[in-house]
**Student:** 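Below you'll find the structure I mean.
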Amino acid sequence: MASVLVVEDDQFVRSALIRQLTDAAHTVRSVGTALEALREVAHVRFDVVVLDLGLPDLDGSEALKMLRGVTDVPVIIATARDDEAEIVRLLNAGADDYLTKPFSVEHLCARMAAVLRRARAGGGEAAASSVLRVGGLTVDPLRRQAELDGVRLDLTRREFDLLAFLAARPGVVVPRRELLAEVWRQSYGDDQTIDVHLSWLRRKLGETAARPRYLHTLRGVGVKLEPPAPQNPVPGPTVSRPAVPRPAAHVPRMPPSPFGGEPR
C-alpha cells in the first residue's frame with residue numbers, strides 16, 4: 001500500500017483514479033492544480049505523485065520543476081502527450097516514469113511498485129548504518145525517524161533528508177551548493193528553497209534563526225548543525241558564615257600599692 005497524490009484537473013479521470021487506486025488498497029489524495037499540489041507535498045508525506053501535464057494554472061513540466069524544488073518524492077507523469085522528445089525531456093528533468101493515457105490502473109500500480117522499489121533501494125544504500133546523535137537530537141536514517149530529547153519529530157521527507165545530511169556532519173559548515181546537490185539532487189537552484197526548509201526545520205526543533213540551538217547559518221558560506229552550547233550554571237545565593245565572637249582579652253589585675261590608694 002502506498003500514499004498517492006493524484007494531480008489531475010479532469011474530474012472524470014480524477015474520480016476514476018481515486019476509486020481504482022483506493023480499491024487497490026492505496027491511500028489517495030487528489031488536487032486539480034499545480035499550486036495545490038505544491039501545498040500538499042509541502043505538508044504531507046507521499047510515497048508517489050501521479051502528475052498530469054495539462055493543468056489549468058501551470059504546465060505539468062513547470063509543475064514538475066517546482067515539485068523537484070521542494071521534494072524528491074517519486075513522480076509518475078500521466079498524460080495524453082506521447083511525443084518522444086517530450087518524454088525524454090521530462091525524464092531528464094526529474095520524472096521517475098511516464099504513462100500515456102489511456103492506461104489501466106493495473107498498469108499504473110505496476111509502474112508505482114517499480115518506482116517505489118527503486119526509491120527505497122536507493123535510500124537504503126545512501127543511509128548510514130548507525131543512529132546519528134547530536135546533543136539531544138537522534139536521527140535514524142534506516143528507519144527515517146528523528147527524535148529531540150526523546151520526543152518524535154514529525155518531519156516531511158525533505159526535512160528529514162536535510163536533517164540527516166547535516167547530522168552526519170556535526171559541526172561542519174556545509175555549503176548551500178552542496179546541500180542542493182546532495183539533498184535536492186540539483187546542480188543549481190534558488191537559495192530560498194533551502195531557507196524555507198531550514199525555517200520549517202527550526203520550528204520543529206524549537207528554535208529560530210535569531211536564537212539558534214542546533215542549526216546555524218553562516219551568511220554567504222553555508223549551514224552547520226551542532227549540539228547546543230552548555231549553559232553556564234547559575235550561581236546560587238552566597239551563604240555567609242555567622243561571625244564567631246572573639247573572646248575578650250584578659251587584663252591582669254594590678255596588686256594594691258604599698259603607698260596606699262588605688263593602683264594607677
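FYI, side chains are in, hydrogens and waters are out, and symmetry mates aren't considered; it's all heavy atoms of this structure.
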**Student:** Measure the CG-CG distance between Leu55 and Leu53 for me, rounded to the nearest 0.5 Å.
**Tutor:**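 It is 7.5 Å, given to the nearest 0.5 Å.
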**Student:** One pair to check against side chain to side chain contact (heavy atoms under 4.5 Å, CB included): Leu153 and Glu159. What are the steps and the verdict?
**Tutor:** CA-CA 10 Å; Leu153 295 174; Glu159 288 168 354; over 6 Å; no
**Student:** Taking the side chain from Glu36 and the backbone from Thr33, do they hold a donor-acceptor pair closer than 3.5 Å?
**Tutor:**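 The answer is yes, because a donor-acceptor pair under 3.5 Å joins these two groups.
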**Student:** Give the intermediate values and the outcome of side chain to side chain contact (heavy atoms under 4.5 Å, CB included) for residues Leu166 and Val134.
**Tutor:** CA-CA 10 Å; Leu166 293 172; Val134 181; over 6 Å; no
**Student:** Apart from Leu218 itself, what residues make up its hydrophobic cluster when side-chain heavy atoms of I, L, V, M, F, W and Y under 4.5 Å apart count as a link, directly or indirectly?
**Tutor:**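 Members other than Leu218 - counting any ILVMFWY side chain reachable under 4.5 Å - are Val173, Val221.
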**Student:** Which ILVMFWY residues are connected to Trp200, directly or by a chain of links, through side-chain heavy atoms under 4.5 Å apart?
**Tutor:**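 Listed partners: Val196.
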**Student:** Are Arg14 and Asp9 close enough for a salt bridge, meaning some N to O gap below 4.0 Å?
**Tutor:**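 Salt bridge absent between Arg14 and Asp9.
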**Student:** What are the two closest heavy atoms between Ser30 and Ile18, and how far apart are they?
**Tutor:**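 For Ser30 versus Ile18, the nearest heavy atoms are OG-CD1, 3.2 Å.
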**Student:** Is it the case that over 12 heavy atoms from other parts of the model lie below 6.0 angstrom from the CD atom of Glu84?
**Tutor:**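 No, CD of Glu84 has 12 or fewer neighbouring heavy atoms, counting only those of other groups under 6.0 Å.
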**Student:** Donor-acceptor pairs under 3.5 Å, side chain of residues 100-114 to any protein atom, not counting sequence neighbours: which ones?
**Tutor:**
from   : atom 1 : to     : atom 2 : distance (Å)
Lys101 : NZ     : Glu8   : OE1    : 2.7
Lys101 : NZ     : Asp52  : OD1    : 3.2
Ser104 : OG     : His107 : N      : 3.1
His107 : NE2    : Arg111 : NE     : 3.2
His107 : NE2    : Arg111 : NH2    : 3.3
Arg111 : NH1    : Asp97  : OD1    : 2.8
Arg111 : NH1    : Asp97  : OD2    : 3.3
Arg111 : NH1    : Tyr98  : O      : 3.1

**Student:** Taking all heavy atoms of Ala167 and all of Pro170, pick out the closest pair and write down the distance.
**Tutor:**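 Scanning both residues, the minimum pair turns out to be O-CD, 3.2 Å.
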**Student:** Looking only at the side chains, is there a donor atom on one of Ser61 and Arg81 sitting less than 3.5 Å from an acceptor on the other?
**Tutor:**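 Not at all, the side chains of Ser61 and Arg81 share no donor-acceptor pair under 3.5 Å.
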**Student:** Roughly how far, to the nearest 0.5 Å, is CG of Leu198 from CG of Leu163?
**Tutor:**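 Reported value, rounded in 0.5 Å steps: 10.5 Å.
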**Student:** Just wondering, do Leu67 and Leu38 contact through their side chains at under 4.5 Å, heavy atoms?
**Tutor:**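 Yes, side chains in contact.
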**Student:** I'd like to know if the side chain of His216 and the backbone of Lys224 have a donor-acceptor N/O pair within less than 3.5 Å.
**Tutor:**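 Checked: no pair found.
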**Student:** Is any side-chain heavy atom of Arg39 less than 4.5 Å from a side-chain heavy atom of Val31?
**Tutor:**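 No, too far: nothing below the 4.5 Å cut-off.
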**Student:** If hydrophobic clusters are built from ILVMFWY residues whose side chains come within less than 4.5 Å, do Val88 and Leu64 share one?
**Tutor:**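 Cluster IDs for Val88 and Leu64 differ.
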**Student:** Mark yes or no for whether Arg158, through its side chain, and Thr71, through its backbone, hold a donor-acceptor pair below 3.5 Å.
**Tutor:**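 Yes: the side chain of Arg158 pairs with the backbone of Thr71.
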**Student:** Please give me the minimum heavy-atom distance between Gly136 and Tyr214, naming the atom from each residue.
**Tutor:**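 Closest heavy-atom pair between Gly136 and Tyr214: N-OH, 2.9 Å.
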**Student:** Heavy atoms, side chains only, cut-off 4.5 Å: are Lys204 and Leu148 in contact?
**Tutor:**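 Heavy-atom side-chain distance check fails, nothing below 4.5 Å.
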**Student:** How far does CD of Glu86 sit from OG1 of Thr79, to the nearest 0.5 angstrom?
**Tutor:**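 Interatomic distance, Glu86 CD to Thr79 OG1, rounded to 0.5 Å: 8.0 Å.
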**Student:** Please test Asp140 against Arg152 for salt bridge (charged side-chain N to carboxylate O under 4.0 Å, His left out), starting from the C-alpha separation and ending with a verdict.
**Tutor:** CA-CA 11 Å; Asp140 188 339; Arg152 177 84 172 269; over 6 Å; no
**Student:** What's the spacing between Thr193 OG1 and Met66 CE if we round to 0.5 Å?
**Tutor:**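 Nearest 0.5 Å value for the OG1-CE distance: 9.5 Å.
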**Student:** Check the pair Thr138, Leu132 against side chain to side chain contact (heavy atoms under 4.5 Å, CB included), reporting the backbone distance first and the verdict last.
**Tutor:** CA-CA 6 Å; Thr138 303; Leu132 306 171; over 6 Å; no
**Student:** With heavy-atom distances below 4.5 Å as the criterion, would you say the side chains of Ile77 and Leu51 are in contact?
**Tutor:**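 Yes, their side chains come closer than 4.5 Å.
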**Student:** For residues Val183 and Ile194, determine if any side-chain heavy atom of one lies less than 4.5 Å from a side-chain heavy atom of the other.
**Tutor:**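 When only atoms from C-beta onward are counted, Ile194 and Val183 do not touch, as no gap falls below 4.5 Å.
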**Student:** Looking at every non-hydrogen atom in both residues, tell me the closest pair between Val174 and Phe165 and how far apart they are.
**Tutor:**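 Here Val174 and Phe165 meet closest at CG1-CE2, 3.8 Å.
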**Student:** Which atom names give the shortest non-hydrogen contact between Glu207 and Leu215, and what distance separates them?
**Tutor:**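 Here Glu207 and Leu215 meet closest at OE2-N, 3.1 Å.
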**Student:** To the nearest 0.5 Å, how far apart are NE2 in His43 and OG1 in Thr156?
**Tutor:**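 One finds 9.5 Å between NE2 of His43 and OG1 of Thr156.
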**Student:** Any side-chain heavy atom of Arg177 within less than 4.5 Å of one from Leu180?
**Tutor:**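 SC-SC contact between Arg177 and Leu180 ruled out.
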**Student:** Under 4.0 Å between a Lys/Arg side-chain N and an Asp/Glu carboxylate O for Asp154 and Arg203?
**Tutor:**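 A salt bridge is absent here (no side-chain N lies under 4.0 Å from a carboxylate O).
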**Student:** Does any non-hydrogen side-chain atom of Leu5 lie less than 4.5 Å from one of Val73?
**Tutor:**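 Result no, sub-4.5 Å side-chain heavy-atom pair not found.
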**Student:** Report whether Leu91 and Val75 are members of the same hydrophobic cluster (ILVMFWY, side-chain heavy atoms less than 4.5 Å apart, transitive linking).
**Tutor:**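 Both belong to a single hydrophobic cluster.
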**Student:** Return the minimal non-hydrogen interatomic distance between Val115 and Pro74, and the atom names on each side.
**Tutor:**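 Heavy atoms only, the tightest pair is CG1-CB, 3.1 Å.
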**Student:** Pair Leu225, Arg169 - check side chain to side chain contact (heavy atoms under 4.5 Å, CB included), show working.
**Tutor:** CA-CA 8 Å; Leu225 184 143; Arg169 301 156 180 79; over 6 Å; no
**Student:** Should the pair Arg176-Asp195 be classified as a salt bridge under the 4.0 Å nitrogen-to-oxygen rule?
**Tutor:**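 Result for this pair is yes, salt bridge flagged.
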**Student:** Using 0.5 Å steps for rounding, measure from the CG atom of Leu90 to the CD1 atom of Ile87.
**Tutor:**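 Leu90 CG to Ile87 CD1: 8.5 Å, rounded to 0.5 Å.
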